[in-house]
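Note sheet for the following structure.
Nothing here was measured: the structure is a model prediction, and the numbers come from that model. Values below: all heavy atoms of this structure, side chains included; hydrogens, waters and symmetry mates excluded.
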Amino acid sequence: MTAAPGAPDASRPPVRILLCDDHAVVRAGLLALLDSAPDIEVVGEAGTGEEALALSAKLAPDVVLMDLQLGDGIDGVETTRRLTTAPGATPHVLVLTTYDTDADITRAIEAGATGYLLKAERPEELFAAIQAAAQGRTALSAPVASRVMANLRSPRPTLTDRERDILTQLAQGLGNREIAKALFISEATVKTHLGRIYDKLGVDTRAGAVSLAKEQRLLP
């Protein structure tokens, strides 16, 4: 007999969830919400990345519901990386956050996150994403999916080695004269390269260049 549409599949055990969020009120709200889903079981709560690592090793959840900003200690991205590269069976990580910048999305996915959801999602979307993540299928909020596709259609700008060198010095707060001295080139050459960097990145300020380079992971 097949389950009715929307009904839990009695032949399949519930998805075991570990919550990781540094706000107790948020965890309490998520716990109450997830307890209303018959095919989801919350087996533990963590307020820090370190707690999540310890509890995951002990409880072996199917999915870790992970916030990105965790206050003191390691952040959600580093926690995700450690969870997904730990020896033995590893949980799937579903990011649940308020942050949707390109940099946050890229870092989380590169760290091994199976999905990336925004906290503004409706409960049924969260439930569906958890089920997808438990099966190893990608789950993305619509705005996140749109950003990912936009980035795929617009590849990162290509910088020369010298432009990267100058951008790296720029990120350290050095002025043109200091950059010229560090790289053994003239200030005029530095200005020429900066102009090309600005053109490639579509910015017109030093701060804008550094910010975009960090967001698009163009710096080492």
Side-chain angles (χ1 to χ4, degrees), residues 1-70 73-100 104-142 144-145 148:
M1 178 183 296
T2 58
D9 185 350
S11 66
R12 186 170 59 191
V15 177
R16 304 175 73 252
I17 296 287
L18 170 63
L19 298 179
C20 183
D21 194 296
D22 62 332
H23 292 97
V25 172
V26 173
R27 293 199 307 274
L30 284 172
L31 181 60
L33 176 63
L34 295 174
D35 275 349
S36 70
D39 50 357
I40 294 174
E41 176 188 4
V42 177
V43 297
E45 302 175 47
T48 67
E50 289 82 358
E51 287 180 0
L53 293 172
L55 286 174
S56 180
K58 177 181 179 181
L59 301 173
D62 301 310
V63 175
V64 178
L65 207 54
M66 177 69 62
D67 192 13
L68 289 185
Q69 303 297 327
L70 297 176
I74 59 176
D75 66 4
V77 170
E78 179 58 26
T79 305
T80 297
R81 181 175 292 108
R82 297 188 190 184
L83 285 169
T84 57
T85 58
T90 58
H92 296 291
V93 176
L94 177 60
V95 171
L96 182 64
T97 183
T98 57
Y99 302 92
D100 66 343
D104 286 324
I105 296 167
T106 299
R107 289 176 63 234
I109 292 175
E110 289 182 348
T114 300
Y116 197 109
L117 234 62
L118 301 179
K119 288 182 177 178
E121 289 291 352
R122 296 172 300 177
E124 55 267 31
E125 296 293 339
L126 173 59
F127 298 157
I130 287 174
Q131 293 294 339
Q135 297 171 38
R137 294 188 285 113
T138 301
L140 301 174
S141 286
V144 173
V148 170

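Residues satisfying the side-chain hydrogen bond (donor to acceptor under 3.5 Å, both in side chains) criterion with Gln135, sequence neighbours excluded, are Arg137. In this structure Glu78 satisfies the side-chain hydrogen bond (donor to acceptor under 3.5 Å, both in side chains) test together with Arg81, Arg82, sequence neighbours excluded.
Among residues at least two apart or in separate chains, salt bridge (charged side-chain N to carboxylate O under 4.0 Å, His left out) pairs with a member in residues 58-69 are Asp67-Lys119.
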Does the pair Ile17 and Leu19 meet the rule for a side-chain contact (heavy atoms from CB on, under 4.5 Å), with working shown? CA-CA 6 Å; Ile17 296 287; Leu19 298 179; 3.9 Å; yes

Going through the distances and angles, do Cys20 and Leu65 end up as a side-chain contact (heavy atoms from CB on, under 4.5 Å)? CA-CA 6 Å; Cys20 183; Leu65 207 54; over 6 Å; no

Under the side-chain contact (heavy atoms from CB on, under 4.5 Å) rule, what do Leu96 and Met66 come out as? Steps first, then yes or no, please. CA-CA 6 Å; Leu96 182 64; Met66 177 69 62; over 6 Å; no

Between Asp39 and Gln131, does a side-chain contact (heavy atoms from CB on, under 4.5 Å) hold up when you go through it step by step? CA-CA 9 Å; Asp39 50 357; Gln131 293 294 339; 3.1 Å; yes

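Remark: the Asp75 side chain and the Gln69 side chain contain no N/O donor-acceptor pair separated by less than 3.5 Å.
Considering all non-hydrogen atoms of both residues, Leu55 and Glu45 come closest at CD1-O, 3.1 Å. Nearest heavy atom pair, residue Gly136 against residue Thr114, reads C-CG2, 4.0 Å. Here the closest heavy-atom approach between residue Ala113 and residue Val95 is recorded as CB-CG2, 3.9 Å. Across every non-hydrogen atom of Glu121 and Ser141, the tightest pair is OE2-OG, 2.7 Å. Between Ala129 and Leu117, the shortest heavy-atom distance links the atoms CB-CD2, 3.6 Å. The two residues Thr80 and Gly112 make their nearest non-hydrogen contact at CG2-C, 4.1 Å.
Side-chain contact between Leu126 and Leu33 is present, with heavy atoms from C-beta onward closer than 4.5 Å. The side-chain heavy atoms of Pro61 and Val43, taken from C-beta on, include a pair separated by under 4.5 Å. Side-chain contact check for Thr84 versus Val93: some heavy-atom pair is nearer than 4.5 Å. Counting heavy atoms from C-beta on, the side chains of Leu53 and Leu83 come closer than 4.5 Å. Contact of the Leu34 side chain with the Ile130 side chain is registered, since non-hydrogen atoms from C-beta on lie closer than 4.5 Å. Looking at heavy atoms from C-beta onward, Val63 lies out of side-chain contact with Pro91 at the 4.5 angstrom threshold. Looking only at side-chain heavy atoms (C-beta outward), Thr48 and Asp22 stay at 4.5 Å or farther from each other. Side-chain contact between Tyr116 and Thr138 is absent, with no heavy atoms from C-beta onward closer than 4.5 Å.
Side-chain atoms of Arg16 come within 3.5 Å of backbone atoms of Ala60 as a donor-acceptor pair (strictly under, hydrogens ignored).
Heavy atoms of other residues, nucleotides or ligands lying less than 6.0 angstrom from OH of Tyr99 number 12 at most.
Remark: Leu31 CG to Asp21 CG distance equals 12.5 Å, nearest 0.5 Å.
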